[in-house]
Amino acid sequence: MNPKIRELARILSKMKRGAALTGAGVSSESGVPTFRGKDGLWNKYRPEDLATPEAFMRNPKLVWEWYNWRIKLVKSTEPNPAHYTLKEFESIFEEFHTITQNVDNLHQKAGSKNVIELHGNLLRARCTGCGKIYTDFEIREGELPRCPECGALLRPDVVWFGEMLPPDALRKSFEIARNSEFFFVIGTSAVVYPAAQLPFEAKEMGALIIEVNIEKTPVTAIADFSFMGKAGEILPEILEELKNVKD
Ligand code: BJW
Ligand code: ZN
């Protein structure tokens, strides 16, 4: 066992309140593509064409086609050991929240209850007219989905560049970051704001920062523990060691 993991587990075993900020890297072992990096979506597609309100107004068909592909893909995936570990953390610690930038629903599918979605969810659509949320919307080939209530176009219920994050989720996330004794930052490049501010906020309030990523990020410099490796491998090791220490 990695001695750093043992040391971390000893420290965590005395703590009560914590959280994790997760990003696309947490789901990559489930087969969901990340955004940045060699195999990332933004290496193949331009965010300006697909993930802004302007892109949607310009070409809703193109945007929906891309989202349909991603919705199908995500529906065919399953949570991995990283998601399941975070679910376990909810019963190991007195208070534990998963603040996610992911839109793939995999934390919920793994059974996590305290999930805060900062960038929305692919499995929901929202009416651009009346704002109604739909969880079972059907998209027919070559047709744009419309609101059964008001007839306006539906859009994916996700947060695009230049859009505000859901205010309640954002407020709650900052509150959690400021009140956490420990704060995990897992599988995120930590470059998209305001989510990327959360680890710095937690650090400023004295939280222990634990990063799990296959490469360095802007958070690495402030991390008390930095594990360079796959989330689906490192997190279960931390969980196992935590259980050993607690016994
Ligand atoms: C592993 C692993 C394994 C891999 N184990 N690790 C200049 C111009 C315009 C705007 C801005 C600007 N400067 C700042 C802004 C604001 C902008 C922003 O931050 N831009 C930066 C990119 C510069 N932010 C916004 O616009 C936000 N809104 C906002 O700020 O509102 C106020 C405002 C309004 C108007 C103007 C200015 C401000 C909204 C951001 C919305 C982000 N939306 C997306 C798409 C969601 C919908 C969808 O999925 O289609 O969210 S973009 C994309 O990035 C997605 C992600 O949630 C987000 C973060 O990405 P994430 O999760 O970190 O993924 P990656 O791929 O970047 O990283 C993966 C990591 O995993 C890597 O580090 C790997 O190493 C690692 N990894 N495998 C462990 N197995
Ligand atoms: Zn409507």
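Heavy-atom basis, side chains included; hydrogens, waters and symmetry copies ignored. Remember, it's 1-based here, ligands and their atoms both numbered in the order they're listed.
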Is there a protein heavy atom less than 4.0 Å away from [atom]?
| atom | answer |
| --- | --- |
| atom 38 (C) of ligand 1 | no |
| atom 29 (C) of ligand 1 | yes |
| atom 35 (C) of ligand 1 | yes |
| atom 76 (C) of ligand 1 | yes |
| atom 7 (C) of ligand 1 | no |
| atom 79 (C) of ligand 1 | yes |
| atom 14 (C) of ligand 1 | no |
| atom 42 (C) of ligand 1 | yes |

Any non-hydrogen side-chain atom of [X] less than 4.5 Å from a side-chain atom of [Y]?
| X | Y | answer |
| --- | --- | --- |
| L208 | E181 | no |
| E54 | E48 | no |
| P33 | D39 | no |
| T85 | I238 | no |
| F227 | E237 | no |
| T77 | K109 | no |
| L50 | L62 | yes |
| F200 | V219 | yes |

Would you check whether [X] has a nitrogen or oxygen atom less than 3.5 angstrom from a nitrogen or oxygen atom of ligand 1?
| X | answer |
| --- | --- |
| W160 | no |
| G162 | yes |
| K230 | no |
| H119 | yes |
| W42 | no |
| L165 | no |
| F161 | no |
| F35 | yes |
| Q101 | yes |

Provide the number and element of each atom of ligand 1 under 4.0 Å from a heavy atom of [X].
| X | value |
| --- | --- |
| A24 | 61 (P), 62 (O), 64 (O) |
| E215 | 75 (O) |
| V103 | 49 (O) |
| V158 | 47 (C) |
| G187 | 6 (N), 69 (C), 70 (C), 71 (O) |
| G23 | 62 (O) |
| R70 | 48 (C), 49 (O), 50 (O) |

**OP:** Would you please classify the geometry between the Y67 ring and the W160 ring as parallel, tilted or perpendicular, with 30° and 60° separating the classes?
**Re:** tilted
Original post:
Using 30° and 60° as the class limits, which term best fits the ring planes of W64 and F56: parallel, tilted or perpendicular?
Top reply: perpendicular
Looking at [Y], is its backbone amide N or carbonyl O close enough to the side chain of [X] to form a donor-acceptor pair, meaning the two atoms are under 3.5 Å apart?
| X | Y | result |
| --- | --- | --- |
| E29 | G232 | yes |
| T128 | L153 | yes |
| T98 | A20 | no |
| S30 | V32 | no |
| E90 | N114 | yes |

**OP:** Could you tell me the angle subtended at the Zn ion (ligand 2) by SG of C130 and SG of C150, rounded to 10°?
**Re:** 120°
**OP:** Rounded to the nearest 10 degrees, what's the angle SG of C127 makes with SG of C147 at the Zn ion (ligand 2)? Could you check?
**Re:** 110°
Residue and atom name of the nearest protein heavy atom (relative to [atom]), distance in Å to one decimal:
| atom | result |
| --- | --- |
| atom 68 (O) of ligand 1 | S189 N, 3.3 Å |
| atom 24 (N) of ligand 1 | Y193 O, 3.0 Å |
| atom 5 (N) of ligand 1 | A231 N, 2.9 Å |
| atom 21 (C) of ligand 1 | V191 O, 3.6 Å |
| atom 32 (C) of ligand 1 | M164 SD, 3.9 Å |
| atom 2 (C) of ligand 1 | G25 O, 3.4 Å |
| atom 60 (O) of ligand 1 | R36 NH1, 3.0 Å |

Once you round to the nearest 0.5 Å, how far does [atom1] of [X] lie from [atom2] of [Y]?
| X | Y | atom1 | atom2 | answer |
| --- | --- | --- | --- | --- |
| K230 | L235 | NZ | CG | 13.5 Å |
| E211 | D224 | CD | CG | 11.5 Å |
| L198 | L170 | CG | CG | 7.0 Å |
| I222 | I209 | CD1 | CD1 | 5.0 Å |

[options]: member with heavy atom nearest to [atom]:
| atom | options | answer |
| --- | --- | --- |
| atom 63 (O) of ligand 1 | T100, T188, V159, I234 | T188 |
| atom 40 (C) of ligand 1 | V192, V74, L21, D39 | V192 |
| atom 74 (C) of ligand 1 | T22, N213, T217 | N213 |

**OP:** Kindly check if the number of other-residue, nucleotide or ligand heavy atoms within 6.0 Å of CE (M228) is above 12?
**Re:** yes
Original post:
Above 12 or not: heavy atoms from other molecules or residues under 6.0 Å from NZ of K61?
Top reply: no
**OP:** Could you verify whether a donor N or O on one side chain and an acceptor N or O on the other, from S27 and H83, lie under 3.5 Å apart?
**Re:** yes
Can you tell which part of [X] has a heavy atom less than 4.0 Å from ligand 1: side chain, backbone, both or neither?
| X | result |
| --- | --- |
| E163 | backbone |
| S28 | side chain |
| I214 | both |
| E29 | side chain |

Original post:
Applying a strict 4.0 Å limit to heavy atoms, is G229 in contact with ligand 1?
Top reply: yes
